[in-house]
Number of protein chains: 2
Amino acid sequence: MQRARTQKAKDDRRAAVVAAALDEFYEKGFAAARMEDIAGRAGLSKGGLYLYFDSKEALFEAVIESFAMPTVARFEALAETAGGVSALIDALTKLAPAIIREGRIPKIVKVLIGDAPAFPAVATAYRRNVIDRVLAVIIHILRKAKETGEIDIADPALAARLMAAPMLLSAVWRIVFDHDDEARIDLDALFAQHSVMLKRAFKMEAAA
Amino acid sequence: MQRARTQKAKDDRRAAVVAAALDEFYEKGFAAARMEDIAGRAGLSKGGLYLYFDSKEALFEAVIESFAMPTVARFEALAETAGGVSALIDALTKLAPAIIREGRIPKIVKVLIGDAPAFPAVATAYRRNVIDRVLAVIIHILRKAKETGEIDIADPALAARLMAAPMLLSAVWRIVFDHDDEARIDLDALFAQHSVMLKRAFKMEAAA
DNA sequence: TTTATCTAACTGACTGGTCAGTTATATATT
DNA sequence: AATATATAACTGACCAGTCAGTTAGATAAA
């Protein structure tokens with residue numbers, strides 16, 4: 001094994017271990033995943049892995065955290081360019097299929113649902129650092145639009161969750177039926193229809 | 001332990017084991033759940049459990065299957081009384097909060113998401129026997145309404161999934177954040193708003 | 001440049017503990 | 001007594017985490 005001597009090389013190796021761990025946790029679940037397999041996937045021996053992480057649980061926490069920050073940053077950037085509700089809906093429903101297909105988010109979602117209940121602190125941290133912040137961005141945009149009369153909704157906080165629900169559905173569908181050719185969903189068509197239905201539900205002028 | 005001698009007593013014990021297994025699989029996941037704990041919860045020794053199920057995997061399959069049939073039957077009955085789209089939306093959005101709170105469906109959902117990927121055949125069977133049949137009922141009602149002009153939607157099959165998405169969201173939310181008092185959602189308000197938004201999205205006359 | 005020395009990254013055999021599944025034994029019921 | 005049901009001690013496989021030993025590769029002396 002090539003040794004990681006510089007700080008950068010060590011950071012890279014840590015990242016490789018985290019990526020390998022996400023794949024193993026995704027495929028087998030936390031309890032059934034083997035530290036030796038994770039190490040092997042990252043091109044390292046089991047003992048070497050323990051130079052980077054103190055325990056399986058510490059590795060699990062690192063997996064969840066490592067994907068939190070980039071997700072929020074990407075989303076907050078997106079929301080700044082798309083200031084209005086119409087642009088937000090378009091951006092969300094156009095990007096969603098690619099994000100689902102790319103696979104990293106569905107994997108994190110699966111690991112969170114399957115294993116986070118055994119680590120309540122991890123789940124709560126994820127909600128606070130990721131979910132609440134993403135929802136806050138959406139809610140802020142909806143609330144502004146409600147005040148200007150651009151849209152007509154009762155509760156922006158609930159509307160934000162209803163907007164996001166099909167993304168969770170798609171992610172979960174992919175997780176559970178990835179192997180199942182009979183169960184393919186046309187994500188582009190699904191989100192196109194979601195977009196149309198949302199605009200009608202919000203009573204936006206440009207709606208079909 | 002009182003012995004189960006009659007067929008009915010055996011069926012009851014089997015059911016008790018299945019219920020205990022659902023709880024353990026839900027709380028710990030398949031791999032981390034212990035057969036001894038499942039047996040204990042059902043008021044039986046570990047050896048006794050093996051009189052009713054050949055293996056942990058067989059028990060897992062029984063758990064998934066045992067909750068499939070009743071769910072479909074209940075839903076198909078509901079759909080027969082609620083023939084139109086409006087009645088269907090009302091029934092679905094009024095019943096959903098109670099179903100989520102009751103907890104059995106969220107537990108099954110969690111077990112399916114967390115562990116079914118390790119048992120692809122179980123996942124596929126569940127899709128065919130439960131999900132596809134429930135969706136078919138909804139799609140049938142939507143298609144009829146579309147033909148009579150009662151509603152205006154592009155694709156009933158996609159609309160059915162979009163209708164169901166908030167139920168999955170609520171179930172998953174409950175699974176992941178059950179312990180988390182900061183994260184309570186007002187399910188009644190959520191589904192009331194879903195109902196209003198759906199009727200607008202379908203361009204139904206009586207919509208708000 | 002070559003060789004010797006050092007050090008920290010890395011390896012893999014090992015340990016202690018856990019748990020699915022088995023079986024010898026006990027007990028309730030007929 | 002005979003049979004079905006249940007128990008708990010047992011076995012063997014498996015795996016997280018450890019640690020004595022190995023080696024890549026840097027540094028320095030010749």
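For B:Lys10 and D:dT5, the shortest distance from a side-chain N or O to OP1 or OP2 is below 4.0 Å. In this structure, B:Tyr52 reaches the D:dA6 phosphate: one of its side-chain N or O atoms is under 4.0 Å from OP1 or OP2. Within the structure, every side-chain polar atom (N or O) of A:Lys46 is placed at least 4.0 Å from both OP1 and OP2 of C:dG12.
Separating the CG atom of B:Leu51 from the C1' atom of D:dA8 is a distance of 13 Å, rounded to the nearest angstrom. Rounded to whole Å, the distance from CG on B:Leu49 to C1' on C:dT23 is 16 Å. Taking atom NZ of B:Lys28 as the reference point, atom P of C:dT18 lies 14 Å away to the nearest angstrom. As a whole-Å value, the separation of B:Leu59 CG from C:dC19 P is 16 Å. Protein atom CD of B:Glu24 is 15 Å distant from nucleotide atom C1' of C:dA20, rounded to whole Å. Atom-to-atom, CZ of A:Arg14 to P of C:dA9 comes out at 14 Å; the value is rounded to the nearest Å. For the pair A:Glu57 CD and D:dA16 C1', the interatomic distance rounds to 12 Å; values are reported in whole Å.
Among the nucleotides D:dT23, C:dG21, D:dA16, the one closest to any side-chain atom of A:Arg3 is D:dT23.
Residues B:Leu142 and B:Phe202 are in side-chain contact: their nearest non-hydrogen atoms beyond the backbone lie under 4.5 Å apart. Between B:Arg104 and B:Ile99, the closest side-chain pair of non-hydrogen atoms is not below 4.5 Å.
Ranked by how close their nearest DNA chain D nucleotide is to the 5' end, B:Gly48 and A:Tyr50 are led by B:Gly48.
Under the 4.0 Å criterion applied to side-chain N and carboxylate O atoms, B:Asp188 and B:Arg101 are assigned as salt-bridge partners.
Screening B:Phe53, B:Phe30, B:Tyr26, B:Tyr126 against B:Phe60 for a ring pair (Phe, Tyr, Trp, His ring centres under 6.0 Å) leaves a single residue, B:Phe30.
Heavy-atom minimum distance, B:Lys199 versus B:Asp90: NZ-OD1, 2.8 Å.
Between B:Phe191 and B:His194, the angle of the ring planes goes over 60°, which puts this pair in the perpendicular group of the 30/60° scheme.
Of the residues in residues 29-40 of chain B, those placing a heavy atom less than 4.0 Å from an atom of DNA chain C are B:Ala33, B:Arg34, B:Met35, in numerical order.
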Could you write out each protein N or O paired with an N or O of nucleotides 11-13 of chain D at a distance under 3.5 Å?
none

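Sorted by first and then second residue, the side-chain hydrogen bond (donor to acceptor under 3.5 Å, both in side chains) pairs with a member in residues 73-83 of chain B form an empty list; sequence neighbours excluded.
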Between B:Leu59 and B:Met35, does the side-chain contact (heavy atoms from CB on, under 4.5 Å) criterion hold? Intermediate values first, please. CA-CA 10 Å; B:Leu59 180 53; B:Met35 291 298 265; 4.3 Å; yes
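Crowding of B:His179 atom NE2: a count of heavy atoms from other residues, nucleotides or ligands under 6.0 Å exceeding 12.
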